[in-house]
Amino acid sequence: MTCIKKLAESPGLTSIPSLYTYTTNPKDQEVSEDPEDSIPVIDFSLLTSGTPHQRSQAIEELGKACKDWGFFLLINHGVPERQMEAVIENIREFFDLTEDEKREFEGKNLLDPIRCGTSFNTSLENVFFWRDFLKILINPDDHEFQFPNKPPGFREVSLDYCKRIREVARELLKAISMSLGLEPCYIEKATNLESGLQVFIANLYPPCPQPELAMGLPPHSDHGLLTLVMQNGIGGLQTRHNGNWVNANAIPNSFLVNTADQLEILSNGKYKSNVHRAVVNSKATRISLAIANGPSLETMIRPAPELESKEKAAAYIGMKYKDYVELQQGNQLDGKSCLDRVRAFN
Ligand SMILES: O=C(O)CCC(=O)C(=O)O
Ligand SMILES: [Fe+2]
């Protein structure tokens, strides 16, 4: 399978092959400029080291962001900027490897620890996306993490980065539990977060000669609990809010965080997983790194009984997270179609 990077670098490419022509209805081509649609900003330092008053206020704001948006910018998170830049630089070097070198990391099965490729699921797609990816499953119970051995140092800097993200996600999930009126460690315990799966998803979106006709990643929600995204300073992520598409303009050194399907299930639908997409541009290569933080693969996730009531019975059936990941990764990327498979009819 030819990667999109190679295609985009073909000399004199002025139009995209029809295989990449993605049809978007006119309403979905519009992007909201409404100031009401400005993405909430959460200050992580207030959640962890603010005064009790600042803390409870920050928890309330976080709960509101999860309920109204399922998306927020996270500032003052404590992950060093130079580490973020180093990971992005290594990802760039990884994608610069030759096609032959990258083929070694292609992977065959959905739950292979390392998979690299193009689009999302080329065996099922009629239209391909303007995106190459590298996906690595980071399972803390596996002490021998598998990771590409090229470029040199990629493994070390990335695994350390994932560890830090795991801590940030754990703190956020504590605050989210509290915002739902649950005890701080509720989500951590219910998901066996200690053994929780992280997926390292590096995305490369090369410049595209007809960006309005192509799609980097189509509208979808993520499978885990919380996804933390950083990028190389080039925008492209858009989030859906009140039926509008909104550009996720990152503040430098912030994370773009979105709530994912397992959080919607656990919160019994109080916090909806966020639908987002990645668009492409004609000028610059965009690199993004999404770290999806999820439950442990063997844990069955179901709505918290504390959040069920006479008026709101469990809105989802329970499913083992491993089965959910396979379902999501094995199908076409299409809005929240995977979540529909666990919706209860009551
Ligand atoms: O490229 C991005 O900003 C988003 C990527 C994304 O949504 C994903 O990898 O699930
Ligand atoms: Fe995503």
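Note that the coordinates shown come from a computational prediction; the quantities given were computed from them, not determined experimentally. No hydrogens, no waters, no symmetry mates; every other heavy atom, side chains included, goes into these values. When a ligand or atom number is given, it counts from 1 through the structure's own listing order.
Looking only at atom types and distance, the side chain of E298 has no donor-acceptor partner in the side chain of Y321 under 3.5 Å away. For the residue pair N274 and T259, no side-chain donor N or O sits within less than 3.5 Å of a side-chain acceptor on the partner.
Here the angle centred on the Fe ion (ligand 2), running from NE2 of H276 over to OD1 of D222, is 90°, rounded to 10°.
The shortest non-hydrogen separation linking S179 to Y271 is OG-OH, 2.7 Å.
Aromatic pair F120/F133: centroids not less than 6.0 angstrom apart. Side-chain rings of F147 and F200 approach one another, their centers coming within less than 6.0 Å.
Note: an N/O pair closer than 3.5 Å links H276 and ligand 1 by distance alone.
Taking every heavy atom of D222 and a limit of under 4.0 angstrom, the matching atoms of ligand 1 come to 10 (O). Every atom of ligand 1 with a heavy atom of Y205 under 4.0 Å away is listed here by number and element: 1 (O), 2 (C), 5 (C). Short contacts between ligand 1 and I201, defined as distances under 4.0 Å to a heavy atom of the residue, involve ligand atoms 9 (O).
Ion pairing of K163 with D160 is absent here, as no side-chain N (NZ or NE/NH1/NH2) approaches a carboxylate O to less than 4.0 Å. Between R170 and E194 no salt bridge is recorded (no basic side-chain N to carboxylate O distance below 4.0 Å). Between K320 and D323 there is no salt bridge, since none of the side-chain N atoms of the basic residue sits less than 4.0 Å from a carboxylate O of the acidic one.
In the displayed structure, E36 atom CD is contacted under 6.0 Å by at most 12 heavy atoms of other residues, nucleotides or ligands.
Residue contacts with ligand 1 do not include F133, since none of its heavy atoms lies under 4.0 Å from the ligand. Ligand 1 has no atom lying under 4.0 Å from any heavy atom of R277.
With respect to atom 6 (C) of ligand 1, the closest heavy atom belonging to the protein is L217 CD1, 3.5 Å. Protein heavy atom nearest atom 9 (O) of ligand 1, with residue, atom name and distance: N203 ND2, 3.3 Å. Protein heavy atom closest to atom 3 (O) of ligand 1, with residue, atom name and distance, is R286 NH2, 2.7 Å. The shortest contact between atom 2 (C) of ligand 1 and any protein heavy atom is with S288 OG, 3.3 Å. Among all non-hydrogen protein atoms, the one lying nearest atom 4 (C) of ligand 1 is L237 CD1, 3.7 Å.
Under 4.0 Å from ligand 1, the heavy atoms of H220 that appear belong solely to its side chain. Residue-level proximity to ligand 1 for L256 is absent, since no heavy atom of it falls below 4.0 angstrom.
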